[in-house]
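Read through the structure below, which is laid out as structure tokens, and then see the notes.
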Amino acid sequence: MKITQVKTILTSPNQNYLFVKIVTDSGLYGVGDASLNGREQAVADLIDAYLTPMLIGRDPGQIEDFWQLVYRGSYWRGGNIVMSALCGIDMALWDILGKSSGKPLYALLGGKMRSRVLCYSHVLGGNKEQQIAQASDYVKKRGLKVIRLRAGLPASNGTFGVKKEQCGPVVEPWDPEDEIYSTIEFFVKVREAVGKNVGIIYDLHERFSPDQAIRIMNRLEPYDPFFIEDPIAPDCPDSLRYVREKTTVPIAFGELYKSRWECLPAISNHWIDFIRCDVIRIGGITEARKIAALAETFDVKTAWHGPNDVSPITHAVNWHLNVSEYNFGIQEDGTADSLIKEVISGGPSYQDGCLVMGDAPGIGCDIDEEAAARYPFRKAYIPICRQKDESLHTW
Ligand code: KDG
Ligand code: MG
């Protein structure tokens, strides 16, 4: 079998996405997700200009070889744009492998260890009162066993500002010192609303300094968080050690990591309990299974990143990883806008606090290119945060 065509498909069904479709001379094709919120066009350009010519005529089954070719063969290593492009291709190649062997992806990864995947969803209501009400509804009406709160609210509630053509990022105010006590108070109110048997995750979204994160986490200890996510920025690994030593609250970390080597100090020193890389950002399935194995070696569980700015293809890939890995912890189930379901079919569905999926060969998703064309891509930026003195702060 040989690759004959590589298509990049940019589309915006309420949120920007970039898909990769790799077609072969056998008629089989594979689909992958290369979405990088705020930089999709740059990823598409890299694929079109540099990677597609390297793919045409290749055997799609040589997945590891192509991964290494892109990662090491350009001499300059990694980065978000390269790794996202690599992921879109890597997923599509695994999809072709599954379809050509008639097996679902999880079977290629070692087979099923579990049939259901414990998941958590985002509490996104407008203000804090509405969010508390939504948290209760999620538990009482939808049967969620774990819910997720987050520090700060996205500019447009999940769409991250793609509503209009932007010429720069939207600015959101953020002053962490002001937020410490409201963060704690909010968590406590949600705990009172949902009761003691529901897991509560708080995504601090890299928005606090180590000392601020420690103050929050220590005060939350009696309220039993399921985990605290990304309490600090990932840039300085030693800061994570410092936070870890001063609190017993479980820590999930790593959606901004771009490689196994970036994850290594946090995992091998057990500074974290859950590794939550974004499969797109680390170069796809080929790298995710290595990170899962690395985490298993050091008793760290997985909690792969799964917000609504990754598509059902990535949610499906996460599911295949979840069912086939030993050290599965939990899966984030970002409530996807229904419009993306017009473009991408398949993917996991929600059932009684868990995610379930069928046994279709490959990843189990398909793309409707006509539907994608109905929602033209519009360049957009992720918002930024500025403090009262106007200085920039991590979003
Ligand atoms: O595009 C940014 C989102 O992927 C991120 O804000 C979502 O932190 C996130 C999460 O945990 O889902
Ligand atoms: Mg997060």
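The structure presented is a predicted model; accordingly, all values stated were derived computationally and were not measured.
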**Prompt:** Given Arg207 and Glu172, is the salt bridge (charged side-chain N to carboxylate O under 4.0 Å, His left out) satisfied, shown in steps?
**Reply:** CA-CA 13 Å; Arg207 283 185 173 211; Glu172 293 178 350; 3.8 Å; yes
**Request:** Could you walk me through whether Lys301 and Asp273 pass salt bridge (charged side-chain N to carboxylate O under 4.0 Å, His left out), step by step?
**Result:** CA-CA 6 Å; Lys301 291 179 184 160; Asp273 300 282; over 6 Å; no
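When each of Lys388, Gln387, Arg215 is checked for a side-chain hydrogen bond (donor to acceptor under 3.5 Å, both in side chains) with Glu177, only Arg215 meets the rule. Checking Thr8, Leu86, Leu10, Ile81 one by one against Val43, the side-chain contact (heavy atoms from CB on, under 4.5 Å) holds for a single residue, Ile81. Only one option out of Ile96, Val20, Thr314 pairs with Met91 in a side-chain contact (heavy atoms from CB on, under 4.5 Å); it is Thr314.
At a cut-off of 3.5 Å, with distance as the only test, a side-chain donor of Thr302 or Glu325 sits close to an acceptor on the other residue. Using modelled atom types, one finds a donor on one side chain and an acceptor on the other under 3.5 Å when comparing His122 with Glu332. A donor atom on one side chain and an acceptor atom on the other are not found under 3.5 Å apart for Tyr381 and Asn37. Judged by distance alone, the side chains of Asp90 and Thr286 do bring a donor and an acceptor atom under 3.5 Å apart. Side chains of Asn16 and Ser12: a donor-acceptor N/O pair is present below 3.5 angstrom, by distance only. Between Ser209 and Gln212, the side chains place a donor N or O and an acceptor N or O closer than 3.5 Å (distance only, hydrogens not considered). Side chains of Asn127 and Gln131: a donor-acceptor N/O pair is absent below 3.5 angstrom, by distance only.
In this structure, Met217 and Ile251 have side chains that are in contact, with non-hydrogen atoms separated by less than 4.5 Å. Contact check for Trp94 versus Leu109: side-chain heavy atoms found under the 4.5 Å cut-off. Side-chain contact between Pro169 and Trp395: absent, with no pair of heavy atoms (C-beta onward) separated by less than 4.5 Å. Considering only heavy atoms from C-beta on, Glu255 comes within 4.5 Å of His205 through its side chain. The closest side-chain heavy-atom distance from Asn269 to Arg244 is not below 4.5 Å. Contact annotation: the side chain of Gln15 never approaches that of Ile340 to less than 4.5 Å [non-hydrogen atoms, C-beta and beyond].
In this structure, the side-chain hydrogen bond (donor to acceptor under 3.5 Å, both in side chains) partners of Lys290, at least two apart in sequence or on a different chain, are Glu64. The side-chain contact (heavy atoms from CB on, under 4.5 Å) search around Asn80 returns Leu36, Lys258, Arg281, not counting sequence neighbours. In this view, Ser239 and Pro210, Ile232, Cys236 satisfy the side-chain contact (heavy atoms from CB on, under 4.5 Å) rule, not counting sequence neighbours. A search for side-chain hydrogen bond (donor to acceptor under 3.5 Å, both in side chains) contacts involving Glu342 returns Arg374, Tyr375, not counting sequence neighbours. Here Glu229 pairs with Arg276 under the salt bridge (charged side-chain N to carboxylate O under 4.0 Å, His left out) rule; sequence neighbours left out. Residues satisfying the side-chain hydrogen bond (donor to acceptor under 3.5 Å, both in side chains) test with His320, not counting sequence neighbours, are none. Residues that satisfy the side-chain contact (heavy atoms from CB on, under 4.5 Å) test with Ala133, not counting sequence neighbours, are absent from this structure.
Other residues, nucleotides and ligands place more than 12 heavy atoms under 6.0 Å from the CD atom of Glu245. The local environment of CZ in Phe186 is crowded, with over 12 non-hydrogen atoms from other residues, nucleotides or ligands closer than 6.0 Å. Environment of OH in Tyr350: crowded, with over 12 heavy atoms of neighbouring residues, nucleotides or ligands closer than 6.0 Å.
Under the 4.5 angstrom side-chain criterion for Ile, Leu, Val, Met, Phe, Trp and Tyr, the cluster partners of Phe328 are Tyr106, Val117, Leu118, Tyr120, Val146, Ile201, Phe226, Phe227, Phe274, Trp319, Val323, Ile330, Leu355, Met357.
No side-chain donor-acceptor contact under 3.5 Å links Ser136 to the backbone of Val194. Counting only distance, with no hydrogens or angles, the side chain of Asn327 and the backbone of Ala292 share a donor-acceptor pair below 3.5 Å.
The distance between the ring centers of Tyr71 and Trp261 falls below 6.0 angstrom.
Annotation: salt bridge (charged side-chain N to carboxylate O under 4.0 Å, His left out) contacts involving residues 125-134, sequence neighbours excluded, are absent. Contacts classified as salt bridge (charged side-chain N to carboxylate O under 4.0 Å, His left out) and involving residues 5-16 (residues at least two apart or in different chains) are given here: Lys7-Glu369. The stretch residues 25-43 participates, sequence neighbours left out, in no salt bridge (charged side-chain N to carboxylate O under 4.0 Å, His left out) pair at all. Within the structure, salt bridge (charged side-chain N to carboxylate O under 4.0 Å, His left out) contacts touching residues 99-111 (residues at least two apart or in different chains) are Asp95-Lys99.
Ion pair Asp59/Lys2 not flagged as a salt bridge, since none of the NZ, NE, NH1 or NH2 atoms sits closer than 4.0 Å to an Asp/Glu carboxylate oxygen. Taking a cutoff of 4.0 Å between a charged side-chain nitrogen and a carboxylate oxygen, Asp352 and Lys145 qualify as a salt bridge.
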